[in-house]
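Heads up: the structure comes next, in structure tokens.
Everything quoted here is computed from the prediction, not taken from an experiment. In what follows, chains carry the letters A, B, and so on, assigned in the order in which the sequence lines appear, proteins first and then strands, with residues in each chain numbered from 1.
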2 protein chains.
Amino acid sequence: MYLCLMYTSELIKGTLKTIVLELLKKQGRMYGYEITQKVKELTAGKIQITEGALYPTLHALEKNGELETEKEYMGKRVRKYYKLTEQGKNTATERVNEFADFIETMRFLLDLQTKSGHVQG
Amino acid sequence: MYLCLMYTSELIKGTLKTIVLELLKKQGRMYGYEITQKVKELTAGKIQITEGALYPTLHALEKNGELETEKEYMGKRVRKYYKLTEQGKNTATERVNEFADFIETMRFLLDLQTKSGHVQG
DNA sequence: CAAAGATACATAACAATCTTATGTATTTCC
DNA sequence: GGAAATACATAAGATTGTTATGTATCTTTG
């Protein structure tokens with residue numbers, strides 16, 4: 001059995017946008033810090049998005065027209081909520097489909113038959 | 001149905017070492033150019049390893065003690081065959097296991113149930 | 001109530017890893 | 001004999017991440 005260590009950062013590389021887009025698609029709207037916590041929770045700590053990676057990514061997606069923002073004040077503290085634009089919804093779907101296809105290709109290439117840690121059937 | 005386009009390069013990023021190590025584990029020994037062709041063939045052109053990425057990676061793996069080389073001359077042209085060291089074999093297994101675990105985590109995170117493009121059962 | 005930790009944003013220096021471009025040289029095919 | 005394929009290699013530039021740092025507010029706890 002594995003301990004629940006984080007993955008080497010190389011693997012996460014390239015999937016961050018996909019994760020953010022798909023999460024926003026499911027959750028409707030989220031703010032940055034919330035995204036880091038949600039991913040950590042859903043992956044049992046295996047994937048931990050750093051703020052240094054997330055915020056620039058969110059800004060880039062917004063600049064590219066995939067996301068739009070609303071600022072909300074909780075007392076004096078600001079929260080920037082992000083949600084998908086129409087374009088962002090399409091991009092989210094494309095990205096997820098591409099990733100799904102990619103992992104099937106990799107599973108074939110690496111001879112991975114069944115899910116590790118799962119008993120099938 | 002998808003056309004057989006290449007994946008956005010971001011996805012491949014970080015998986016190159018894993019691919020190389022696992023291929024060498026199965027094939028015994030291979031030379032650089034052969035690796036690029038084999039991967040292209042096995043993935044129907046979806047993953048195309050560029051030489052600018054592969055050669056530096058092979059050199060790094062060799063420097064790190066994962067690979068060892070044998071030069072062979074086919075006429076006047078040289079081929080550099082790579083094979084795994086004992087350490088390399090262990091690293092290959094670790095990398096593949098980690099990747100397998102990673103894609104399961106991602107499948108859960110992205111709500112991917114069954115294999116895209118496959119009929120299960 | 002003061003300090004520590006969590007929440008919430010942001011940016012900059014650095015590192016890793018890839019693409020694209022370039023270079024050299026041999027072999028094969030038409 | 002020239003184009004395409006084989007076979008190696010490296011360098012400039014782009015992308016995307018980590019680590020470090022900064023600011024500020026809110027909550028918990030001794």
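Listed pair K17(A) / dT15(D) fails the phosphate criterion, with no side-chain N or O lying under 4.0 Å from OP1 or OP2. Contact annotation: T57(A) reaches the phosphate of dG17(D) (side-chain N/O to OP1 or OP2, under 4.0 Å). Close to dT10(D), at under 4.0 Å from its OP1 or OP2, lies a side-chain N or O of H59(B). The phosphate of dA9(D) has OP1 or OP2 within less than 4.0 Å of a side-chain N or O from K80(B). In this structure, Y55(B) reaches the dC8(D) phosphate: one of its side-chain N or O atoms is under 4.0 Å from OP1 or OP2. Put simply, Y31(B) has no side-chain N or O that comes within less than 4.0 Å of OP1 or OP2 on dC8(D). The phosphate of dT7(C) has OP1 or OP2 within less than 4.0 Å of a side-chain N or O from Y33(A). For dG17(D), the OP1/OP2 oxygens have no side-chain nitrogen or oxygen of T50(A) closer than 4.0 Å.
Contact detail for G14(B) and L11(A): the closest heavy-atom pair is O-CD2, 3.9 Å.
T85(A) and E68(A) share no side-chain donor-acceptor pair at under 3.5 Å.
In this structure a side-chain-to-backbone donor-acceptor pair under 3.5 Å is missing from T18(B) to V96(B).
The base of dT15(D) sits within donor-acceptor range of the side chain of K13(B), with an N or O pair under 3.5 Å.
Checked for salt-bridge contact, R95(A) and E98(A) miss the test: no charged N lies under 4.0 Å from a carboxylate O. We find that K80(A) and E72(A) are not joined by a salt bridge, their nearest charged nitrogen and carboxylate oxygen being 4.0 Å or further apart. By the 4.0 Å N-to-carboxylate-O rule, E62(A) lies too far from K83(A) to be salt-bridged with it.
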Polar atom pairs between nucleotides 28-30 of chain C and protein, under 3.5 Å, N or O only, would you list them?
none

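Residue contacts shown for E34(B) are absent, as no nucleic acid heavy atom lies under 4.0 Å away. Within 4.0 Å (heavy atoms only), G32(B) reaches sugar-phosphate atoms of the nucleic acid but no base atom. Among the atoms of the strands shown, none is found under 4.0 Å from any heavy atom of K71(A).
Taking CZ of F102(A) as the reference point, atom CE of M106(B) lies at 10.5 Å (rounded to 0.5 Å).
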